[in-house]
Amino acid sequence: MMQRETWATRIGFILAAVGSAVGLGNIWRFPFQTAENGGAAFLVVYIIAVLLIGIPAILAEFVIGRRSKQSAIGAFDALGRPRWRWVGAVGVLAGFWTLSYYSVVGGWVVRYAIGSVTGAYLGDPGTYFGAISAGPEAVAFHAVFMLVTIGIVAFGVESGIEMATKLMVPSIILLMLGLAVYAFTLSGSAAGYEYFLSPDFDALVANFESVIPAAVGQALFSLSLGYAVMITYASYIDRDENLGVDGLSIAITNTFVAVLAGLVVFPLLAAQGVDYGSEGPGAIFVTVPTAFADLPNLAARAIGFVFFFVVFIAALSSAISLLEVVTSHLVDSYDVDRKPIAVGLGVIIFVLGIPSAWDTAWLTWFDLVSVNLLLPVGVFGVVVFAGWILSADATDELGRGAPSLRGVAPVWLWSLRTIVLLAVLGTLVLSLGSLTAPPL
Ligand code: TRP
């Protein structure tokens, strides 16, 4: 048997997990989901979901991974429960499915990074987004984004990306803070804070059957839960480290970036007098460039490029992690060569993404199937497995190497079995109700 690799450092593990979690989900998806689901009340449900479901579930994935020392599907075999392999299989399928449209959005980002250099979008960002987001050119940029992702996974050069991730998170935070401060100074932006931060619970009660699955789904998606990614990453942890601290730091960083994106997008929308939900998936692509438009031309291009380049790195580090789950599953289970698998899978995923690149209605539908079907099913499996099947072993594993967690571990297990399980189940039922037929 080959010696299994492990993370060289604890921070290496945390960075990889943060690199997976922080991505388009925070910067692109969170703001427009909030806008389409009523603003601040969505934010409240999202934050509750991170605390109530996200953190317990990320710990469940960590525990499964570290105890089994196996990725995705193999983890359930290694723990002697082969009948639970479906949980890993749902995760692998979700990764495959999600990357197909994630890469289309990644392609938009590449397009905007290039458009910054040429100044293409500065005149009229709204029209520009409409022109580039669907059709043959969107397919071409989807291809570019997939090629880069495939290249990195095929050659196993993720270490470079790990370094980039180290810079990425602070850069995103700094850039977003800058934009948020700028937005604050604009006249008319106050209404944006009102919308984003002052919840209207009556509207929430009226629309709970769509807002709740959207907000919980966003929390799970953003933390990369239900994809067996965190199982896989934790399977490489060698030493006894405090998983609670790791899970909390990941969740806090991730949520912080999303909220920051909201603090950029909503004031900008308000200052521009645009209806919050009207831009849909284009929200970030329309608002942020408009903020640059007031700057002298050269400065606008430079800042635009830096912004979209950093978003590109964030998207890429998540895309790599998505392709990695699927690839490493096949490589581990069938003992095959990594390169042809990564390339073959990448090509199939590219083809699967063509409809989403052709028409955003398809992108929205693919996203709905991920977030309202695959994720809640995957997370449900993880929660039941850790809470009811692993049970005392799960508590034991969480407390390993973390004396301070030993007291909390039984509470965590109890909540997994009851509150968390019920919350996930309730979400799952509501989520299934929000599924729609494909836009044929
Ligand atoms: N969390 C990622 C983001 O916010 C998206 C994502 C969901 C993901 N599931 C994943 C990334 C699994 C990697 C692996 O952009």
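What you see is a predicted model; the values in this text were computed from it and never measured. First listed ligand is number 1; within each ligand, the first listed atom is number 1.
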Which atoms of ligand 1 sit under 4.0 Å from any heavy atom of L24? 15 (O)
What's the shortest distance from atom 9 (N) of ligand 1 to any protein heavy atom, and which residue and atom give it? Y227 CE1, 3.0 Å
How far apart are the closest heavy atoms of G95 and L322, and which atoms are they? CA-CD2, 3.7 Å
Could you tell me if any non-hydrogen atom of G95 lies under 4.0 Å from any atom of ligand 1? no
Tell me, which protein residue and heavy-atom name are nearest atom 7 (C) of ligand 1, and how many Å apart are they? F221 O, 3.1 Å
Would you call the rings of Y112 and Y128 parallel, tilted or perpendicular, where under 30° means parallel and over 60° means perpendicular? perpendicular
Taking only heavy atoms of G25, which atoms of ligand 1 are found under 4.0 Å from at least one of them? 3 (C), 4 (O), 15 (O)
Where does the angle between the aromatic ring planes of F42 and F30 fall among parallel (under 30°), tilted (30 to 60°) and perpendicular (over 60°)? tilted
Please walk me through it: do L225 and L375 pass side chain to side chain contact (heavy atoms under 4.5 Å, CB included)? CA-CA 7 Å; L225 289 172; L375 299 207; over 6 Å; no
Taking all atoms of both residues into account, what is the closest heavy-atom pair of N37 and A214, and its distance? ND2-CB, 3.6 Å
Measure up the F221 and Y102 rings against each other and bin them: parallel (under 30°), tilted (30 to 60°), perpendicular (over 60°). tilted
Ligand 1 N/O within reach of V229 N/O, cut-off under 3.5 Å: no
Does Y102 have a non-hydrogen atom less than 4.0 Å from ligand 1? yes
Could you find the nearest protein heavy atom to atom 2 (C) of ligand 1 and give me its residue, atom name and distance? S20 O, 3.3 Å
Between F266 and F196, what is the ring plane arrangement, given parallel below 30°, perpendicular above 60°, and tilted in between? parallel
Assess the pair W28 and F32: is the distance between their ring centroids shorter than 6.0 Å? yes
Do me a favour and list the nearest non-hydrogen protein atom to atom 8 (C) of ligand 1 with residue, atom name and distance? S224 OG, 3.3 Å
Looking at non-hydrogen atoms alone, which of S317, S318, A21 comes nearest to atom 4 (O) of ligand 1? A21
Nearest-contact summary for atom 13 (C) of ligand 1 - protein heavy atom, Å: S321 OG, 3.1 Å
Where ligand 1 meets N26 - atom numbers and elements under 4.0 angstrom, heavy-atom basis: 4 (O)
Min N/O separation S222 to ligand 1 under 3.5 Å: yes
Say whether T98 and Y227, considering side chains only, have a donor N or O and an acceptor N or O under 3.5 Å apart. yes
